[in-house]
There are 2 protein chains.
Amino acid sequence: MTEQAGISIQQIVEKVWLSIAERRLRPGVQLKEGQMAAIFDVSRARIRQALAALEREGLVTIIPNRGAFVCQPTVDEARDVFTIRRSVEGRVVARIGASVTKADLARLRGHVAQERTANTNDATTDIIKLSGGFHLLLAEISGSDFLFGMMRDLISRTSLITAVYRNTARFNCGPDEHAEIVDAIAAGDLKKASGLMEHHLEHVESELDLREVRDMSHDLRAALA
Amino acid sequence: MTEQAGISIQQIVEKVWLSIAERRLRPGVQLKEGQMAAIFDVSRARIRQALAALEREGLVTIIPNRGAFVCQPTVDEARDVFTIRRSVEGRVVARIGASVTKADLARLRGHVAQERTANTNDATTDIIKLSGGFHLLLAEISGSDFLFGMMRDLISRTSLITAVYRNTARFNCGPDEHAEIVDAIAAGDLKKASGLMEHHLEHVESELDLREVRDMSHDLRAALA
DNA sequence: CATCCAAAAATTGTCTACAATATTTCGAGT
DNA sequence: ACTCGAAATATTGTAGACAATTTTTGGATG
């Protein structure tokens with residue numbers, strides 16, 4: 001029953017998130033419950049829960065009696081998210097440095113290795129997932145559930161922002177900068193690690209093209225496939 | 001039908017939150033959908049949405065196929081929340097200082113005044129709502145939607161933590177410390193304001209009794225009334 | 001007497017149907 | 001021809017019924 005047949009709520013959320021991150025779903029598009037229920041072949045009840053989850057991740061806005069729409073972050077909001085990220089992730093890195101284990105470092109290095117292979121293979125989907133996953137992994141290792149949850153939020157919103165505002169062909173984070181941060185942590189150089197993280201985030205932000213959005217596609221079925 | 005008769009989802013959330021903050025609902029208690037539906041005289045669907053909202057606020061934990069339970073924050077998590085709050089609220093105050101208007105200050109002073117009257121009247125419910133509201137108002141004035149949302153989360157969790165761990169009769173925040181912070185902001189002294197905020201949060205944290213929780217009441221109906 | 005297993009009860013998860021609201025369409029009036 | 005308004009359509013919100021899972025209860029067995 002819980003998974004009697006259809007796709008799970010979390011899978012729906014992930015599909016939508018990916019569609020947004022890959023720019024197949026444009027900001028402002030309405031996510032109609034009926035359409036989505038037909039596309040994923042589940043009842044509207046489950047779609048509703050997925051939409052609620054997407055709302056709390058900051059990817060869609062739900063207007064009562066109107067429906068769910070993909071968020072359109074403003075330029076100010078975009079800058080805001082990066083400002084907060086610099087602050088929060090600086091704290092994450094500092095926290096990690098105090099108590100990092102060999103196993104933690106191995107996980108981080110393994111993750112960066114995955115990012116490299118995805119990058120060389122041009123596996124767009126994997127690149128998107130992994131580049132956010134690195135920052136999430138740092139938060140997890142920091143050991144604070146609250147920081148982890150906050151980073152989840154921030155990364156979701158960053159995905160949306162980069163999807164809307166990026167102008168280059170490449171995606172959020174390069175694995176090289178991630179590797180440098182891991183090295184600094186491994187060396188116990190907290191100050192350097194924090195600095196690298198801040199620089200890394202500035203670099204990502206600097207690649208954004210901060211103009212207003214204009215168009216938006218309407219073919220929900222093609223976007224979610 | 002949106003509000004055809006019954007209590008709204010947000011009202012349910014607020015009732016539960018208040019019940020937790022006033023210690024009528026103890027950590028670990030299961031919030032059974034059937035009971036709550038009967039108590040509030042709405043269908044389980046609405047209760048489910050309310051529980052999902054409470055989960056994202058960090059007040060309850062939902063275990064699949066098991067149900068929703070009032071969270072039991074550990075001592076570590078409690079300290080964690082206060083650490084983050086010191087960091088985030090320092091940023092909030094700094095942000096405010098740059099762009100505070102006369103109207104903002106009037107709102108802050110008005111809020112503190114409300115707190116004072118609630119305090120002199122021993123209006124417990126109001127005190128709880130207003131003491132968190134002050135910090136939320138600061139976040140709102142800061143102008144960052146994301147900071148506002150984060151503070152919402154942090155304040156919810158703080159309410160739970162103080163409900164569980166407080167040992168004194170008094171509640172979270174005294175209006176006097178709030179008033180001092182407003183004065184510092186009004187004087188344009190950001191450094192002082194940040195320091196006062198940090199001190200204020202340390203003061204609140206210092207009044208907690210950090211031992212393990214043990215008992216938990218079971219009379220859901222009496223608690224939610 | 002404790003332990004384990006099966007049946008019964010309770011609880012959660014999902015779906016379908018219906019009610020209320022919002023949007024669109026189409027026509028009347030100026 | 002354009003604007004305003006009412007019927008028709010479409011979409012969201014809610015309730016209740018059913019299926020699956022979990023928990024409890026009761027008894028049989030070692």
Side-chain angles (χ1 to χ4, degrees), chain A residues 1-16 25-56 59-72 216-221 223-224, chain B residues 1-16 25-56 59-72 216-221 223-224:
Chain A
M1 218 307 96
T2 295
E3 323 277 337
Q4 73 171 358
I7 187 175
S8 79
I9 292 170
Q10 197 169 348
Q11 285 176 308
I12 297 173
V13 170
E14 196 167 339
K15 281 219 174 202
V16 174
L25 267 180
R26 291 287 176 155
V29 175
Q30 180 172 13
L31 271 35
K32 296 182 183 175
E33 299 177 356
Q35 285 184 53
M36 294 183 70
I39 292 170
F40 293 118
D41 192 35
V42 294
S43 82
R44 274 180 51 226
R46 218 187 288 198
I47 297 294
R48 250 166 116 58
Q49 288 190 56
L51 289 174
L54 285 164
E55 186 193 30
R56 76 163 172 260
L59 292 183
V60 310
T61 306
I62 295 178
I63 304 175
N65 291 326
R66 296 281 306 280
F69 303 83
V70 178
C71 279
Q72 283 185 267
M216 42 200 65
S217 75
H218 295 289
D219 190 352
L220 195 54
R221 167 162 264 117
L224 291 169
Chain B
M1 27 87 330
T2 294
E3 325 277 334
Q4 71 172 3
I7 184 174
S8 80
I9 291 171
Q10 197 168 347
Q11 284 174 310
I12 297 173
V13 169
E14 196 167 337
K15 282 220 173 201
V16 174
L25 266 178
R26 291 285 177 161
V29 176
Q30 180 172 13
L31 270 36
K32 296 182 183 174
E33 298 177 355
Q35 285 184 53
M36 294 184 69
I39 292 169
F40 293 118
D41 192 36
V42 294
S43 82
R44 276 181 49 225
R46 219 186 288 197
I47 297 293
R48 258 169 107 61
Q49 288 189 58
L51 289 174
L54 285 163
E55 186 194 28
R56 77 161 174 262
L59 291 182
V60 310
T61 307
I62 294 178
I63 305 175
N65 290 326
R66 295 281 307 279
F69 304 82
V70 178
C71 279
Q72 283 185 265
M216 42 199 65
S217 75
H218 295 290
D219 191 352
L220 195 54
R221 168 162 263 116
L224 291 171

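Proteins come first, then strands; the chains are lettered A, B, ... in the order of their sequence lines, and each starts at number 1.
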Round to a whole Å and report the spacing from [atom1] of [X] to [atom2] of [N].
X: B:Ile47; N: D:dG13; atom1: CD1; atom2: C1'; value: 15 Å
X: A:Gln49; N: C:dC15; atom1: CD; atom2: C1'; value: 12 Å
X: A:Asn65; N: C:dT23; atom1: CG; atom2: C1'; value: 12 Å
X: A:Ile63; N: C:dA22; atom1: CD1; atom2: P; value: 12 Å
X: B:Ile9; N: D:dG13; atom1: CD1; atom2: P; value: 9 Å
X: A:Leu31; N: D:dT11; atom1: CG; atom2: P; value: 13 Å
X: B:Glu33; N: D:dG16; atom1: CD; atom2: P; value: 15 Å
X: B:Lys32; N: C:dA9; atom1: NZ; atom2: C1'; value: 11 Å

Is there side-chain contact between B:Val60 and B:Phe69, with heavy atoms separated by less than 4.5 Å?
->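 B:Val60 vs B:Phe69: side chains apart.
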Under-4.0 Å side-chain N/O to phosphate OP1/OP2 contact, [X] with [N]:
X: A:Gln30; N: D:dT11; value: no
X: B:Arg44; N: D:dG16; value: no
X: B:Arg46; N: D:dA15; value: yes

Please check if the side chain of B:Arg48 supplies one atom and the backbone of B:Ser43 the other of a donor-acceptor pair under 3.5 Å.
->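 Pair absent, no side-chain N/O of B:Arg48 close to backbone of B:Ser43.
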Any donor-acceptor pair under 3.5 Å linking the side chain of B:Gln35 with the backbone of B:Lys32?
->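 Absent.
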Taking atom CZ of A:Arg56 and atom CZ of B:Arg56, what is their separation to the nearest 0.5 Å?
->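 The CZ atom of A:Arg56 sits 7.5 Å away from the CZ atom of B:Arg56.
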So does A:Arg66 reach the base of D:dG13 with its side chain, donor to acceptor, closer than 3.5 Å?
->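 Answer is no: no donor-acceptor pair is held.
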From the options C:dC15, D:dT12, C:dG13, select the nucleotide whose nearest atom is closest to the side chain of A:Val42.
->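 For A:Val42, the side-chain atoms sit closest to C:dC15.
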